[in-house]
Amino acid sequence: MAINVCLAGATGWAGSELARAMANVADLALVAGVSRTHAGGSLGEVVGAPRLACPVYASVAEALAAHRCDVFVEYTKPDVAKSNILTALAHGAHVVVGTSGLADDDYAEIDVVARERNRAVLAVGNFALTVVLMQKFAEAAARLIPQWEIIDYAHDDKVDAPSGTARELAARLSRVRRPEPTVPMDQTVGHRDARGATVSSSQIHSVRLPGYVISAEIVFGMPDQRLTIRHDSGSSARPYVDGALLAIRRVSTLVGVHRGLDAVLDFEK
Ligand SMILES: NC(=O)c1ccc[n+]([C@@H]2O[C@H](COP(=O)([O-])OP(=O)(O)OC[C@H]3O[C@@H](n4cnc5c(N)ncnc54)[C@H](OP(=O)(O)O)[C@@H]3O)[C@@H](O)[C@H]2O)c1
């Protein structure tokens, strides 16, 4: 039996790539899309995937009133994401969240609702498998090396800093240990800002220049040796598809809020 999916943000940069991929897999049925601009239309026509027989609705409430769905995918904007997630839980769906920008407090609130309803919410800041591996490798390195700094590179018109990927990396490393800089930040002589922003105890330096797409680099330093782990994204949304499909397939094995794709990846095998 196919898993019935409702995709909010189905016409966006990331959502449309996921919708096109779902047109080609037999075990997932995309039964409803959400987009205000294309409401009333056919998603297949909008995203250029004629095999998708899937209507588009203006809101999540309308889409879920019209279709029974097992998994709801949230891929819109931070300002509407939380209410979309709560609406989906109220309709009995498990939820996969790709939208960035929700705070820890939001997820704590969502977790209570999800557990009350015996449903799962899997929130993944970056679905790319190579990013998940960078996170895992960095966590392993942080167990052994107490000093690191993160550099986040992006195109010149990216307005937010640091990137979601850099933030998530810092948050994960803070659960391993706090870095131990030789000179504490508040003892910097000269310009403190030159040492970057302190986020979840890590120093992050954000570079915004033409010529970059999105990259994240973490440098671990030890006396007379250095380890650099770096991730580079291309310009398409293709890298996020496989991880999102995996999350949709496995979210129902969980209960409550889980953060990160590794919640459904088995790294021991
Ligand atoms: N987790 C990951 O790996 C990953 C990867 C890529 C992007 N993202 C995140 O995913 C989110 C979407 O990114 P994107 O680049 O795809 O954005 P985008 O191209 O602007 O697409 C946004 C989509 O959401 C819909 N939308 C926006 N506001 C809405 C509302 N109020 N009600 C219903 N639909 C609404 C838009 O359609 P209408 O405007 O027609 O309503 C559109 O379909 C962002 O938060 C981004 O950071 C995460």
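Both ligands and their constituent atoms are indexed starting at 1 by order of listing. This chain uses plain numbering: 1 for the first residue, then up along the sequence.
Without hydrogens or angle criteria, D152 side chain to A216 main chain gives no donor-acceptor distance under 3.5 Å.
Nearest to atom 1 (N) of ligand 1 among the protein's heavy atoms is V124 O, 2.8 Å. Scanning all protein heavy atoms for the shortest distance to atom 36 (C) of ligand 1 gives T11 OG1, 4.3 Å. The closest protein non-hydrogen atom to atom 13 (O) of ligand 1 is T76 O, 4.3 Å. The protein non-hydrogen atom at the shortest distance from atom 2 (C) of ligand 1 is G125 O, 3.5 Å. Ranking protein heavy atoms by distance to atom 33 (C) of ligand 1, first place goes to V34 CG1, 3.8 Å. Nearest to atom 10 (O) of ligand 1 among the protein's heavy atoms is Y75 CD2, 3.3 Å. The nearest protein atom to atom 28 (N) of ligand 1, hydrogens excluded, is given as R36 NH2, 3.2 Å; this is a heavy-atom distance. For atom 47 (O) of ligand 1, the nearest non-hydrogen atom of the protein is S100 OG, 2.8 Å.
Within the listing of ligand 1, atoms 6 (C), 7 (C), 16 (O) sit less than 4.0 angstrom from a heavy atom of A14. The distance from ligand 1 to the heavy atoms of K77 drops below 4.0 Å at these ligand atoms: 17 (O), 18 (P), 20 (O), 27 (C), 28 (N).
Contacts between Y240 and ligand 1, counted as non-hydrogen atom pairs separated by less than 4.0 Å, involve the side chain only.
Just one of L43, V56, L7 meets the side chain to side chain contact (heavy atoms under 4.5 Å, CB included) condition when paired with S35; it is V56.
Using modelled atom types and a 3.5 Å distance limit, the side chains of T228 and E217 yield no donor-acceptor pair. Using a 3.5 Å distance cut-off with no hydrogens or angles, the side chains of E149 and S202 do not pair a donor with an acceptor.
Grouped by direct or indirect side-chain proximity (heavy atoms under 4.5 Å, Ile/Leu/Val/Met/Phe/Trp/Tyr only), L102 sits with V34, V60, L64, F72, I85, L86, L89, V95, V97, Y107, I110, V113, V121, V257.
The minimum heavy-atom distance between P179 and W148, with the atom names listed, is CD-CZ2, 3.6 Å.
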Q: Carefully, step by step, assess D70 and H94 under the rule side chain to side chain contact (heavy atoms under 4.5 Å, CB included).
A: CA-CA 6 Å; D70 305 304; H94 295 286; 5.7 Å; no

(Q) Walk me through whether R249 and L245 qualify under side chain to side chain contact (heavy atoms under 4.5 Å, CB included). (A) CA-CA 6 Å; R249 289 183 174 117; L245 294 177; 3.7 Å; yes

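Under the salt bridge (Lys or Arg N to Asp or Glu O under 4.0 Å) criterion, R192 pairs with no residue, sequence neighbours left out.
Ligand 1 does not have A237 within reach: every non-hydrogen atom of the residue lies 4.0 Å or more from it.
Residue W13 has at least one N or O atom closer than 3.5 Å to an N or O atom of ligand 1.
Atom 9 (C) of ligand 1 has its nearest heavy-atom neighbour, among S16, G98, A247, in G98.
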